[in-house]
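All values derive from a computational prediction rather than experimental measurement. Throughout, residue positions are numbered sequentially from 1 according to the sequence presented.
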Amino acid sequence: MPPHFCPMPYRYAAVRMDPVAMVEHLQDPIALSKARAIQPKTYLVFMEGVLELPFPGKPWYRFCVCPIGTSLRPEDNANDFRPEMCIPILPNKSHPTGRLPLVPDRAFPFDNCYHWMALSIYVRVRARPEGFEEDHAIRLSVDERLRMDGLWEEDDDGRDVETDDEMSSFDQRIGSSSHSIHSGGTASDTESMVQHSPADGIGDVLAQMNIFGDPTHDTELFPLVDLWFEITDHLKQEDIPDPMEIFKERDEIVKIIEEARARANFALNKSLLELNAGCHKASEDCTGTHEAVDVDTKRVKDLLSAKYLPRLRRRCQPFIRRLRRFFIPPYIPVWP
């Protein structure tokens with residue numbers, strides 16, 4: 001199968017953030033130095049879905065990915081998440097309630113992995129000139145994805161909090177949440193996108209689907225990651241990190257970017273103030289110069305009118321008399 005210009009969803013992959021590439025365009029030495037100090041890890045993720053209609057030639061593609069854990073989900077009393085709210089991935093069959101594992105389309109290389117409920121993050125997957133090979137990609141079939149959705153609904157029914165937990169203002173800006181099911185939405189959100197009457201029009205449907213990306217998202221804050229479908233070439237089972245670490249890395253680079261933006265805005269405002277002050281001083285200098293020029297011009301006129309103009313008038317009078325003769329019309333008698 002020929003490589004795709006964009007990775008396909010519903011695959012397992014290894015991803016690693018590139019913090020330096022995320023700040024290079026800011027041209028901020030402080031931000032660049034801090035980004036270089038970050039040591040990003042390689043994470044195992046499931047490609048939950050693409051966030052926009054992909055086109056060839058783009059530098060990156062926005063995806064919602066679900067980090068994969070190597071243990072039961074940690075208990076979270078504030079949001080009523082319990083350890084059993086997870087699904088094992090075959091060959092892992094361990095679960096507190098005996099829940100059957102998800103079965104990928106080919107052998108999964110690790111035997112201790114779980115999908116955790118309501119864990120997702122938005123990323124930008126960097127494009128590659130050679131494209132993305134699908135030969136080694138491990139997929140979940142439609143049936144398995146539907147079964148996973150059903151299990152999440154069962155877990156959600158047992159929670160004491162609402163499904164659509166409010167995202168923090170930080171997560172709303174960057175468009176991701178660690179407490180969002182199905183990319184930050186609910187089943188009702190998905191149904192609202194597809195249940196339309198013919199009168200709604202295809203334009204309204206496409207607008208709600210955000211096929212060109214959500215304009216409210218600050219995409220620059222999405223982690224820029226490299227992605228590989230050859231999982232075992234980039235990860236060993238004992239090296240799979242805690243999936244919550246990717247959120248810490250994201251928060252760290254976001255803080256660096258926002259600090260760089262603040263410095264850039266401060267420098268710009270300072271330059272504008274200095275420019276405004278310079279223009280004001282130049283305006284005052286120009287006003288004084290004009291007044292001086294006006295005074296000097298008046299003095300020159302006075303000198304010319306008092307000294308040179310009478311002399312010039314006397315010298316020109318003979319010439320003016322001769323010239324007048326040429327313009328005196330001849331006398332022609334018109335009456336006898």
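Classification of the H115-F46 ring pair by plane angle, with boundaries at 30° and 60°, yields perpendicular.
Here the straight-line distance linking atom SG of C6 with atom CZ of F63 works out to 4.0 Å at 0.5 Å rounding. Considering CE of M85 and CG of L72, their distance stands at 12.5 Å, rounded to 0.5 Å. Atom CD1 of residue I253 and atom CD1 of residue I256 lie 4.5 Å apart, to the nearest 0.5 angstrom. Note: E48 CD to C64 SG = 5.5 Å, rounded to the nearest 0.5 Å. Between atom CG of residue L221 and atom CZ of residue R250 there is a gap of 9.5 Å, rounded to the nearest 0.5 Å. With rounding to the nearest 0.5 angstrom, the CD1 atom of I240 is 6.5 Å from the OG1 atom of T70.
Judged purely by atom type and a 3.5 angstrom limit, H95 uses its side chain to pair as donor or acceptor with the backbone of E84. No donor-acceptor distance shorter than 3.5 angstrom exists from the side chain of W116 to the backbone of P83, with no hydrogens or angles considered. Distance alone, capped at 3.5 Å, is enough to place a donor-acceptor pair between the N269 side chain and the N265 backbone. When atom types are taken as modelled, the side chain of D111 and the backbone of N92 share no donor-acceptor pair closer than 3.5 angstrom. Here the side chain of R36 pairs no donor or acceptor atom with the backbone of P19 at under 3.5 angstrom. At least one donor-acceptor pair under 3.5 Å links the side chain of R11 to the backbone N or O of P9.
Looking only at side-chain heavy atoms (C-beta outward), I38 and E252 come within less than 4.5 Å of each other. Residues L119 and C66 fail the side-chain proximity criterion, which asks for heavy atoms closer than 4.5 Å. Side chains of V65 and S120 form no contact here, defined as non-hydrogen atoms less than 4.5 Å apart. Side-chain contact between I257 and V23: present, with at least one pair of heavy atoms (C-beta onward) separated by less than 4.5 Å. Under the 4.5 Å side-chain criterion, counting only non-hydrogen atoms from C-beta, Y43 is not in contact with I68. The shortest side-chain heavy-atom distance between Y12 and V45 does not fall under the 4.5 Å cut-off. Between L151 and E154, the closest side-chain pair of non-hydrogen atoms falls below 4.5 Å.
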side-chain contact (heavy atoms from CB on, under 4.5 Å) assessment of L227 paired with R126: CA-CA 7 Å; L227 179 144; R126 184 156 48 188; over 6 Å; no
For L44 and I231: C-alpha separation, side-chain torsions, deciding distance, then whether side-chain contact (heavy atoms from CB on, under 4.5 Å) applies. CA-CA 8 Å; L44 179 63; I231 297 174; 3.9 Å; yes
Stepwise salt bridge (Lys or Arg N to Asp or Glu O under 4.0 Å) test for E130 and R128: CA-CA 5 Å; E130 68 275 17; R128 296 204 301 250; 3.2 Å; yes
So E220 and M22, side-chain contact (heavy atoms from CB on, under 4.5 Å) or not? Walk me through it. CA-CA 8 Å; E220 192 178 80; M22 292 180 66; over 6 Å; no
Steps toward side-chain contact (heavy atoms from CB on, under 4.5 Å) verdict (V142, R145): CA-CA 5 Å; V142 175; R145 296 200 305 271; 3.5 Å; yes
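The hydrophobic cluster containing Y114 does not contain L100, counting ILVMFWY residues as joined when their side-chain heavy atoms lie under 4.5 angstrom apart, directly or transitively. Linking ILVMFWY residues whenever their side-chain heavy atoms come closer than 4.5 Å, directly or via other members, places V254 and I246 in the same cluster.
Contact between D28 and I30 at its shortest, heavy atoms only, is OD1-N, 2.9 Å. Of all heavy-atom pairs between E52 and V50, the closest is O-CG2, 3.1 Å. The two residues P56 and F5 come nearest to each other via the heavy atoms N-CE1, 3.5 Å. The minimum heavy-atom distance between L26 and A260, with the atom names listed, is CD1-CB, 3.8 Å. Annotation for F110 and C113: closest pair CB-SG, 3.7 Å, computed over non-hydrogen atoms.
Salt bridge absent: D155 and R73 never bring a charged side-chain N and a carboxylate O closer than 4.0 Å. Electrostatic pairing of D80 and R82 counts as a salt bridge here, judged by a charged N lying under 4.0 Å from a carboxylate O. The pair E259-K34 counts as a salt bridge, with a side-chain nitrogen and a carboxylate oxygen less than 4.0 angstrom apart. A salt bridge does not link D226 to R16: none of the charged side-chain nitrogens sits closer than 4.0 Å to a carboxylate oxygen. Salt-bridge annotation for E258 and K255: absent, with no side-chain N of the basic residue lying under 4.0 Å from a carboxylate O of the acidic one. The pair D156-R159 meets the salt-bridge criterion, since a charged nitrogen lies less than 4.0 angstrom from a carboxylate oxygen. A salt bridge between K41 and D242 is absent, with no side-chain N of the basic residue lying under 4.0 Å from a carboxylate O of the acidic one.
Shown here is E238, whose CD atom has more than 12 heavy atoms of other residues, nucleotides or ligands within 6.0 Å. K58 NZ: more than 12 foreign heavy atoms inside a 6.0 Å radius.
The closest side-chain donor-acceptor pair between Y10 and E144, if any, does not fall under 3.5 angstrom.
A cation-pi contact links R124 to W60, judged by a cut-off of 6.0 Å to the six-membered ring centre and 45° from its axis.
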